[in-house]
There are 2 protein chains.
Amino acid sequence: VLNKNKDVIASAVTNLDLHDISRAAKTYGVKTFYMVTPLRDQMDLVARVVAHWTEGSGSVYNPKRRQALELIQVQETLDAVVHHIRNRSDNKKTPKTVVTSARQKAGNLSFAGFRKLLKTGNPYLLVFGTAWGLSDNIIAEADYVLAPLKGTTGYNHLSVRSAAAVIFDRLLGRLDDSNVT
Amino acid sequence: VLNKNKDVIASAVTNLDLHDISRAAKTYGVKTFYMVTPLRDQMDLVARVVAHWTEGSGSVYNPKRRQALELIQVQETLDAVVHHIRNRSDNKKTPKTVVTSARQKAGNLSFAGFRKLLKTGNPYLLVFGTAWGLSDNIIAEADYVLAPLKGTTGYNHLSVRSAAAVIFDRLLGRLDDSNVT
């Protein structure tokens, strides 16, 4: 991901990203939440946090939290995630990658377009970046770039936790029934 | 709010609630984010955090964060919030209160119904609870109870940060099609 000065960095994992994004993933039926970091100590830390809530005392204290954090898989690279998805017993297909970006571009995949793709049953890997967003090479190598999430003002700085929840709701929430009407 | 055992408590303020909810509020044009706590030390703490980002070194380090956290007003009670809104120079009307709840009930205000109300230009105060949700008396005294936010699974445990972002998007972010298609 990028830092404030547009350098490519590995960001530190934010504990509440693990909780909020896994809870949103569980709410909307996302199969797996892959947390990707090349930093070995961060990988270990995430594994410890997840184990606390899925196997440790946290799992007894709050079983609802266990159901969410069980969706987390830690991986070192995006390539490893693609490989992991391809080798799932429920799958055996290479996922298409869809990256999120705050920049509007010609050729962006629309939310409606992505909803249509999801109905095919093929696997999709939706990629969010922390810090100042995904690096250019990650965006360049993706199959699709999702249209930026806009509100109603010019302000375009949601947290990755908020953006993930809203994007799940737009892509997977029931747009046609009593839930939104 | 309620704790895990349904006792009425005052919860501790979560720092990322201040950041995430104010950023979502700014994105969707919410006028003010009132943080309500009866605990004097928590009120002081929130004021200090907000001042750091709106006036202190945080405002220079990240001006975008300043624009969001400027929306935060700390109040001791919900009544004080209603009073504050009634006395705004841009308003002079008593706001209707709309509470959020995970329980589906007859008489819930639908998202479409709330969107219609918002178009009247009258002030509305949308109330979110931390911990295990708003207490019964807060819900009983509200003008409306918003329909629960549901995903596509039975799992219904979004963080308040995620719920606020999705609800803002449903109420305020989908007024024109280009934004969701």
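The structure presented is a predicted model; accordingly, all values stated were derived computationally and were not measured. In what follows, chains carry the letters A, B, and so on, assigned in the order in which the sequence lines appear, proteins first and then strands, with residues in each chain numbered from 1.
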Distance-only criterion, 3.5 Å: show the donor-acceptor pairs between side-chain atoms of residues 127-144 of chain A and protein atoms not counting sequence neighbours.
| residue | atom | partner | partner atom | Å |
| --- | --- | --- | --- | --- |
| A:Thr130 | OG1 | A:Ser11 | OG | 2.6 |
| A:Ser135 | OG | A:Asn137 | OD1 | 2.6 |
| A:Asp143 | OD2 | A:Thr97 | N | 2.9 |
| A:Asp143 | OD2 | A:Thr97 | OG1 | 3.4 |

Is the backbone of B:Lys64 close enough, under 3.5 Å, to the side chain of A:Tyr155 for a donor and an acceptor to pair up by distance? yes

Closest non-hydrogen atoms of A:Tyr28 and B:Thr153, given as atom of the first, atom of the second and distance, are C-CG2, 4.2 Å

Decide side chain to side chain contact (heavy atoms under 4.5 Å, CB included) for B:Val13 and B:Met35; before the verdict, give the C-alpha distance in whole Å, the side-chain angles of both, and the deciding distance to 0.1 Å. CA-CA 9 Å; B:Val13 175; B:Met35 169 62 71; 3.9 Å; yes

Nearest heavy-atom approach of A:Pro148 to A:Asn108 is CD-OD1, 3.4 Å

Residues of residues 16-27 of chain A within contact distance of chain B, non-hydrogen under 4.5 Å: A:Leu16, A:Asp20, A:Arg23, A:Ala24, A:Lys26, A:Thr27

Short side-chain to backbone donor-acceptor contact, B:Arg170 and B:Arg115, under 3.5 Å: no

Is there a donor-acceptor contact under 3.5 Å linking the side chains of A:Lys96 and A:Asn122? no

Return the option, out of A:Ala163, A:Ser159, A:Ala165, with the maximum number of heavy-atom pairs under 4.5 Å with chain B. A:Ser159

Residues 72-87 of chain A vs chain B, non-hydrogen distance cutoff under 4.5 Å, contacting residues -> none

Sort by residue number and list every residue of residues 37-59 of chain B having at least one heavy atom under 4.5 Å from chain A. none

At their closest point, which heavy atom of A:Leu146 faces which heavy atom of A:Ser110, and how far apart are they? CD1-O, 4.2 Å

Is it true that A:Leu171 and B:Phe111 fall in one hydrophobic cluster, defined by side-chain heavy atoms closer than 4.5 Å? yes

So, B:Thr32 side chain and B:Tyr34 main chain: donor-acceptor pair closer than 3.5 Å or not? no

Check: B:Lys4 side chain, A:Asn62 main-chain N or O, donor-acceptor pair, under 3.5 Å: no

Under 4.5 Å to a heavy atom of chain A? For B:Ala68 that would be both

State yes or no: do A:Val166 and B:Leu126 share one hydrophobic cluster built from I, L, V, M, F, W and Y residues joined by side-chain heavy-atom distances below 4.5 Å, directly or via other members? yes

Check for a donor-acceptor pair, side chain of A:Asp169 on one end and backbone N or O of A:Gly173 on the other, with a separation under 3.5 Å. no

Should B:Leu172 and B:Leu125 be counted in the same cluster of Ile, Leu, Val, Met, Phe, Trp and Tyr side chains packed under 4.5 Å apart? no

